[in-house]
Each structure stands twice: as C-alpha cells, then as structure tokens.
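First up is the structure itself, then whatever we jot down about it.
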Amino acid sequence: MPDLKLYHYPVRACSHVTFNALEEAGLDYDDQSVDILKGAQKSPEYLKIHPGGKVPALVVDGVTLTENAAILMYLNTLAPQAQLLPAAPSSFETAKYGSDLIWISATVHPAIRQVRMAVRFTDGDPSGVQAKGIEFTTAIFDTIEARVAGDQWWYGDTWSIVDVYLNWCVTTAASTQLLPMQNYPGIQAHAARVQDRPSFQKAVARQMASKARDGIVFQD
C-alpha cells in the first residue's frame, strides 16, 4: 500500500468526505490540519503541496492528488473491497459513478457555497448571489429528496461515498437556516443514516483529535 497523508480542515470542510472514505476503506494514513480560517492554505509551505491553496490534498508516496472527486475515485481503486462506489459491471458504469462525483463537486458544491459564502463570489452586494444560490440549491435538493426518499441511498439499497459527499453539502447548506429543511424529510432521514455509520463517526472523532492537536479554533 502507498504512503498516504491527508491535508484537511477538520469536520467543517469538504475534506471530511475524504476522511470518511479513508476510514471506510480501513487504510493507514497520516493527517495534517490546514487552518483555512487563518489563511494557512495560502502559505508558501502549503502551496508547495497544493498550488491551488485548497483542501483536501492527498499526498500519495510524496505526490499530491487534489480534488475530492479524483481522490475518492482513486481510493475506490486502492481499496475496492470497501466499495466506496458500487462494483461496476462495465467501464461505462464506472464513468457514471465518476459523473455523479463530478456533478457534486462541480455543480452541487458551488451552489452550496453561493448560499453559505456568497461574499466570496462578488465584490459588491452578495444578496443577489445568495438568492441565486438558494434557487440553484432548492432545485438540487428536490432532486436529492426524490432519490433518497423511502430510506434509500443514492444508489438504492447500496451505501456509497456519494451519500457522504451529498450529506456534507446538505448539512452545510442547512446550517445557514436559509432553506426550508422541513420540506425535505427524505434528506433529513438520509443524513441521519449517513451520520450513523461507524466510518462517519470514526472520521469525525479523528478530525476532532487533529483539531485539538493542531490548535484549530472553529469560528461561526
């Protein structure tokens, strides 16, 4: 197995999804917090690791892999027995799973950011950006609600890391209290199922330990 080191911001950043994948896969890895609220992701030291100045970054035998979708697809190949993604009967099905991860990272995630951090998208009044983000996110939530209603995972009866990534997006958006979560009982039940899995709880516990170890202070 390769030597793995994950650079992340504990619990609240999307790097939590990669943490969960590593725990679900049962892989050995080291981790290092990056205090993004203090700008550590823009430090010269970190930019040598990830020139884009973001988390997560997974260093594999000294070489950096970035972007959640790519990291998750790689971890799935590294530990196929964990089935982070369902077993694919064809290369086309494999591509469809990749498409779902890219949809989350390239469409869902940015819409959530428009709701949560609209100020980052404009130098002017962010209210219009946020309103458009709420519009985008509402349509996305309608799609997710239809897919996970009735105690279903994204892939029906089969859990996958897609469920964890969607859960991170949903809970991040819900934390703004700008979306009518009471309209999405399926999503709320789905979130509870995701968070009840042992790998999810192990990932949170390890991140909280790294938070304490690395002196990270959360800010609302």
Side-chain angles (χ1 to χ4, degrees), residues 1-25 27-79 84-85 94-95 97-124 126 129 133 136 161-162 164-169 172-173 203-204 206-219:
M1 281 293 174
D3 182 66
L4 304 174
K5 185 171 184 178
L6 178 65
Y7 289 85
H8 66 99
Y9 181 75
V11 180
R12 297 188 176 188
C14 65
S15 51
H16 164 76
V17 184
T18 304
F19 245 111
N20 199 150
L22 287 162
E23 291 294 334
E24 183 76 28
L27 295 168
D28 290 330
Y29 65 99
D30 293 322
D31 72 90
Q32 177 65 52
S33 299
V34 179
D35 197 341
I36 59 178
L37 295 185
K38 292 185 177 179
Q41 75 276 24
K42 301 299 183 182
S43 69
E45 294 78 14
Y46 187 66
L47 289 175
K48 290 178 182 178
I49 297 165
H50 187 341
K54 299 191 298 181
V55 295
L58 183 69
V59 177
V60 182
D61 287 339
V63 180
T64 302
L65 181 63
T66 65
E67 302 301 329
N68 249 326
I71 293 170
L72 297 172
M73 286 187 280
Y74 169 69
L75 293 177
N76 185 56
T77 64
L78 199 60
L84 299 175
L85 296 168
T94 298
Y97 299 147
S99 175
D100 285 342
L101 285 171
I102 293 168
W103 170 68
I104 299 171
S105 64
T107 299
V108 182
H109 193 154
I112 299 304
R113 285 298 186 203
Q114 277 188 243
V115 177
R116 174 84 176 159
M117 297 295 292
V119 68
R120 293 186 178 179
F121 290 82
T122 178
D123 292 328
V129 173
F136 292 154
I161 202 63
V162 169
V164 180
Y165 203 167
L166 287 173
N167 174 76
W168 180 82
C169 291
T172 299
V204 170
R206 180 156 174 174
Q207 289 173 86
M208 294 305 290
S210 70
K211 169 183 176 290
R213 179 196 68 208
D214 299 335
I216 303 293
V217 178
F218 288 156
Q219 299 176 20

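Only a predicted model underlies this, so the values are computations on that prediction, with no experimental measurement involved.
Proximity of Q41 to V55: side-chain heavy atoms (C-beta onward) are nowhere separated by under 4.5 Å. With contacts defined as side-chain heavy-atom distances shorter than 4.5 Å, the pair H109/W168 qualifies. Counting only heavy atoms from C-beta outward, the side chains of D100 and L85 never approach each other to under 4.5 Å. Two residues are said to be in side-chain contact when any heavy atoms from C-beta on lie closer than 4.5 Å; V59 and I49 meet this criterion. For the pair V162 and I104, the minimum side-chain heavy-atom distance is below 4.5 Å.
Rounding to the nearest 0.5 Å places CG of D28 at 9.0 Å from CE of M1. The line from OG1 of T172 to CZ of R113 is 6.5 Å long, rounded to the nearest 0.5 Å. Note: L58 CG to K5 NZ = 11.5 Å, rounded to the nearest 0.5 Å. Within the model, atoms CD1 of I71 and CD1 of I161 stand 11.5 Å from one another, a figure rounded to the nearest 0.5 Å. From D214, atom CG reaches atom CG of D35 across 9.0 Å, with rounding to the nearest 0.5 Å. Put simply, CD1 on I36 and OH on Y46 are 9.5 Å apart, with the number rounded to the nearest 0.5 Å.
Partner P10 forms a side chain to side chain contact (heavy atoms under 4.5 Å, CB included) with one of R213, M208, K211 and no other, that one being K211.
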What side-chain donor-acceptor pairs closer than 3.5 Å can you find for residues 14-22, not counting sequence neighbours?
from: S15; atom 1: OG; to: Y9; atom 2: N; distance (Å): 3.2
from: S15; atom 1: OG; to: Y9; atom 2: O; distance (Å): 3.2
from: H16; atom 1: ND1; to: Q207; atom 2: NE2; distance (Å): 2.8
from: T18; atom 1: OG1; to: N68; atom 2: OD1; distance (Å): 2.5
from: N20; atom 1: ND2; to: S199; atom 2: OG; distance (Å): 3.0

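A pairwise comparison of heavy atoms in D30 and R206 identifies CA-NH2, 3.8 Å as the closest pair.
Although no hydrogens or angles enter the test, the distance criterion places no donor-acceptor pair under 3.5 Å between the side chain of T122 and the main chain of V119.
Residue pairs meeting the side-chain hydrogen bond (donor to acceptor under 3.5 Å, both in side chains) criterion with at least one partner in residues 48-64, sequence neighbours excluded, are K54-E67.
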